[in-house]
Protein chains: 2
Amino acid sequence: MLEAKLEQAELLKKILDAVKELVTDANFDCSDEGIKLQAMDNSHVALVSLNLAKTGFSEYRCDRDMSLGVSLASLQKIVKCAGNNDILTLRADESVDVLALLFEAKHADRVGEYEMKLMDIDQEHLGIPDTVYDAEIDLPATEFARIIRDLKELGESVKIEVSKEGVRFSADGDIGTASVTLKPTDKRGRRPDSDGEDSDEEEEQEDDEDDEAEEPEPKEEEEDEDGDVKPQIAASGDEDDDAPKSKGGKKRKAVADSEEEDGADENGEDEPSPKKVKKESGKAKPAKKEKKKAASKKGKASSASSKGKATKGKKAKSGDEEKSMDVRINLQQAVALTFSIKYLSNFAKSTPLAERVHLHMSNEVPLLVEYAFEQGHIRYYLAPKLQDD
Amino acid sequence: MLEAKLEQAELLKKILDAVKELVTDANFDCSDEGIKLQAMDNSHVALVSLNLAKTGFSEYRCDRDMSLGVSLASLQKIVKCAGNNDILTLRADESVDVLALLFEAKHADRVGEYEMKLMDIDQEHLGIPDTVYDAEIDLPATEFARIIRDLKELGESVKIEVSKEGVRFSADGDIGTASVTLKPTDKRGRRPDSDGEDSDEEEEQEDDEDDEAEEPEPKEEEEDEDGDVKPQIAASGDEDDDAPKSKGGKKRKAVADSEEEDGADENGEDEPSPKKVKKESGKAKPAKKEKKKAASKKGKASSASSKGKATKGKKAKSGDEEKSMDVRINLQQAVALTFSIKYLSNFAKSTPLAERVHLHMSNEVPLLVEYAFEQGHIRYYLAPKLQDD
DNA sequence: CAGGGCACGT
DNA sequence: ACGTGCCCTG
């Protein structure tokens with residue numbers, strides 16, 4: 001029996017928008033860790049890996065591992081029936097032949113119940129090799145999307161070159177050549193913008209304990225970002241992509257942290273309670289509600305924007321890194337790889353899911369493009385083209 | 001070697017939007033005067049003449065005249081990769097087989113470098129005959145666009161009739177007939193602020209100072225407007241690029257005259273126009289405020305205003321008249337001509353480039369439609385249809 | 001001014 | 001699916 005409650009149906013909408021063109025049918029693998037989806041794209045060139053952590057749900061229960069074979073198009077049709085701010089509950093029983101979806105408007109008095117037939121999909125669960133990446137680039141997702149969109153006009157392949165000086169995306173085609181160069185923002189983790197906001201909140205220390213102090217370090221905030229994070233990121237990219245083991249501090253903090261803290265503060269409330277209100281002031285999740293009214297019309301927005309501000313309380317750094325326009329490059333070794341723009345363009349459809357995107361590259365190895373969000377992440381892998389000239 | 005820097009990439013975007021449907025490939029003729037483009041439209045019916053003055057660039061250098069054969073579609077693709085506010089630099093070396101474009105975001109750290117292959121286009125450089133136009137109409141570009149757009153729905157041809165009373169655009173087709181009449185705004189530039197939309201040509205009875213009686217002014221203004229003001233309208237069309245030859249002759253009235261007047265305003269008048277001075281003062285004072293308000297509401301406004309000073313550097317008043325919603329008609333002789341709406345509709349794509357458009361007409365002679373902006377202008381020429389019934 | 005949503009049309 | 005135009009918001 002699976003029962004998972006998502007506070008905002010919008011998340012699922014965005015995920016489906018992001019992935020549906022790459023993958024039309026896939027298994028949602030549910031375990032007590034959360035829900036994962038892993039699949040090759042239809043042309044078997046790229047790999048998509050979605051992870052929704054248990055902690056990303058306001059309620060989560062999965063008695064037994066189960067694989068739900070879903071037609072993404074069908075699921076999308078149904079999910080579109082939910083309001084962006086509806087509370088979405090997924091439910092499946094042992095039979096695994098049907099997925100029930102429940103949409104509840106926040107103000108109640110409107111309930112949608114849907115059932116979707118499931119299908120059998122034989123899933124080739126390919127392990128993703130552990131890789132230590134030579135270059136990691138952390139940039140605004142919109143910037144990445146823009147570059148890819150632009151270059152797509154001129155050619156079919158992008159060459160991505162990373163060096164100390166910056167990242168250079170280039171393409172050429174019939175009409176000419178193009179290149180866009182991004183210079184890294186100041187090396188240090190310093191964020192140029194006003195981090196003042198985050199200060200207002202409570203314990204930044206808290207995260208330490210969550211982290212398990214795997215990395216003993218004094219000034220975690222900036223450090224982890226620039227310094228120690230990269231190995232972790234790579235590590236987390238292993239086959240089960242988010243193995244609970246030694247996950248990167250950064251992600252964990254952003255997600256688990258907030259959740260746990262939530263519970264801690266209020267003694268593990270799973271559901272909305274009056275007290276929550278108080279917490280909300282500081283919390284990320286709550287903030288969304290506020291947003292909602294504003295967002296109601298727009299439909300989108302809330303998550304990302306609220307994140308930046310609302311999240312700040314906890315990991316100041318996490319909030320910051322999410323919102324800034326910085327370009328960060330972490331480089332072990334210069335890298336130059338060529339990829340099919342078409343796929344990158346598809347990956348970029350995940351832009352609405354996160355403020356920033358992380359590119360991980362090593363020569364000769366598939367590129368990893370990651371969009372991390374509060375409840376989990378989407379990762380894409382794409383093998384480079386051979387001719388890197 | 002050509003190197004030209006445009007402060008706002010947006011200008012080039014707009015130009016390409018405006019022209020690309022009429023002309024798909026054309027030579028950009030670069031000289032130390034600036035950059036010009038002249039071409040027949042694809043069906044060889046209309047003529048397009050673009051002029052970007054050297055002074056329109058924040059930096060301009062052209063050692064040697066050169067003709068860059070450009071595919072406008074390709075150029076547009078590339079220019080779309082620039083942000084509207086990016087600084088755009090065009091560069092071409094002697095080889096003239098490639099045009100380099102550099103886009104720099106104002107805040108830096110993002111640089112786009114593009115190269116476009118050039119082509120050989122044998123250009124028939126047709127001289128544009130000097131013409132003294134019998135009728136000149138100066139009206140808001142949006143108004144013109146609106147009329148053309150509306151009439152296009154009903155027929156394929158527009159008849160444009162200009163008389164003392166105003167301009168009348170009419171068309172007819174299967175479903176019926178249509179006509180829009182614009183009455184010239186009150187002589188001295190009075191403008192009713194209350195005009196609702198551009199759509200309706202308001203037949204204001206504002207002959208008097210209805211707007212703001214606050215300004216009691218001598219009648220002479222009106223007359224002089226009628227009498228000698230028209231030259232001013234012409235004046236806004238700067239010295240002509242298109243027909244550099246013998247402007248002296250017939251053109252003198254429309255063009256040369258205006259030039260002189262320019263000077264006249266500043267110092268002494270070359271030609272008798274005693275009232276002129278007075279007129280200016282009159283104009284300047286009363287209506288100004290109102291107009292401004294109206295313009296702001298429209299939203300576009302500002303940009304073109306600069307033209308006034310850049311182009312002519314005349315009085316402040318000129319700036320004012322540029323942004324107003326006034327319709328000015330300068331008439332030597334009544335004119336009635338018929339044109340293909342399709343072309344006018346294409347010309348109207350230049351609307352984003354300027355607040356106002358100037359129509360110059362004489363019987364039996366091609367219509368000249370001009371959009372003047374800070375950095376230069378675009379002119380279109382279109383021969384009338386024969387049946388002027 | 002830029003970005004994002006939305007409805008539209010190709 | 002994608003590009004476009006329009007409107008609104010930050």
Side-chain angles (χ1 to χ4, degrees), chain A residues 9-10 13-14 16-24 41-43 72-73 76-77 80 83-85 139-154 156 193-194 197 287 290-310 322-325 341-357, chain B residues 7-11 13-14 16-18 20-21 73 76-77 79-88 103-107 110 142 145-146 149 153 197-199 296-303 345 348-352:
Chain A
E10 185 178 31
K13 290 191 182 189
K14 286 180 178 171
L16 292 169
D17 274 342
V19 175
K20 71 160 186 290
E21 200 159 333
L22 241 21
V23 181
T24 57
D41 82 287
N42 292 330
S43 51
L72 298 191
Q76 192 182 36
K77 274 189 188 169
K80 274 187 177 162
N84 282 341
N85 294 303
L139 73 167
T142 52
E143 182 88 66
F144 178 65
R146 179 80 202 288
I147 292 169
I148 296 303
R149 197 180 62 234
D150 284 352
L151 297 192
K152 196 165 67 145
E153 291 299 305
L154 301 242
E156 304 195 322
D193 58 324
S194 58
E197 289 194 16
E290 318 286 74
K291 284 288 195 173
K292 151 171 82 173
K293 71 171 176 279
S296 64
K297 174 200 164 191
K298 291 321 221 96
K300 70 135 255 145
S302 51
S303 73
S305 55
S306 61
K307 184 198 305 181
K309 188 167 307 190
E322 287 301 312
K323 63 166 30 159
S324 86
M325 281 304 283
I341 298 187
K342 177 183 153 208
Y343 288 97
L344 296 186
S345 168
N346 272 323
F347 300 169
K349 291 190 173 139
S350 291
T351 302
L353 284 164
E355 287 275 300
R356 314 201 106 236
V357 58
Chain B
E7 279 311 297
Q8 285 224 116
E10 188 176 26
L11 174 67
K13 289 191 183 191
K14 286 180 179 171
L16 291 169
D17 274 342
K20 70 160 189 288
E21 202 157 331
Q76 192 183 34
K77 272 190 187 173
V79 171
K80 274 188 177 160
C81 300
N84 281 347
N85 295 308
D86 283 3
I87 297 168
L88 182 161
F103 306 147
E104 297 167 278
K106 289 240 151 83
H107 60 281
R110 184 187 201 266
T142 52
R146 181 79 201 293
R149 195 180 66 229
E153 294 300 309
E197 286 307 305
D198 48 326
S199 59
S296 66
K297 162 195 162 195
K298 292 313 230 112
K300 42 174 57 255
S302 51
S303 72
S345 167
K349 290 190 174 140
S350 291
T351 302

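All chains are named by letter (A, B, ...) in the order of the sequence lines, taking the proteins before the strands, and each is independently numbered beginning at 1.
Atom-to-atom, CG of A/N42 to P of D/dA1 comes out at 12 Å; the value is rounded to the nearest Å. Here C/dG4 presents its P atom at 16 Å from NZ of A/K349, a figure rounded to the nearest Å. Taking atom CG on A/L353 and atom P on C/dG4, their separation rounds to 13 Å, with Å as the unit. Here the P atom of nucleotide C/dA2 and the CG atom of B/D86 are 8 Å apart, to the nearest Å. Here D/dT4 presents its P atom at 9 Å from CG of B/D17, a figure rounded to the nearest Å. One atom, CD of A/E153, and another, C1' of D/dA1, lie 14 Å apart when rounded to the nearest Å. For the pair B/L16 CG and D/dT4 C1', the computed distance is 17 Å after rounding to whole Å. Regarding A/K14, its NZ atom lies at a distance of 11 Å from the P atom of C/dG4, rounded to whole Å.
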Stepwise side chain to side chain contact (heavy atoms under 4.5 Å, CB included) check, A/T351 with A/V357: CA-CA 8 Å; A/T351 302; A/V357 58; over 6 Å; no

Apply side chain to side chain contact (heavy atoms under 4.5 Å, CB included) to the pair A/Y343 and A/S43, showing each step before the final yes or no. CA-CA 11 Å; A/Y343 288 97; A/S43 51; 2.5 Å; yes

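In this structure, of C/dG4, D/dC2, C/dA2, it is D/dC2 that holds the atom nearest to the side chain of A/K152. With D/dG3, C/dG4, D/dA1 as the candidates, the nucleotide lying closest to the side chain of A/T142 is C/dG4.
A sub-4.0 Å separation between OP1 or OP2 of D/dG3 and a side-chain N or O of B/K77 is absent. The side chain of A/K342 contributes no N or O atom lying less than 4.0 Å from OP1 or OP2 of D/dC2.
Using a 4.5 Å cut-off on side-chain heavy atoms (C-beta onward), B/I87 and B/K106 make contact.
Every residue was checked against the salt bridge (Lys or Arg N to Asp or Glu O under 4.0 Å) condition with A/E153, not counting sequence neighbours, and none meets it.
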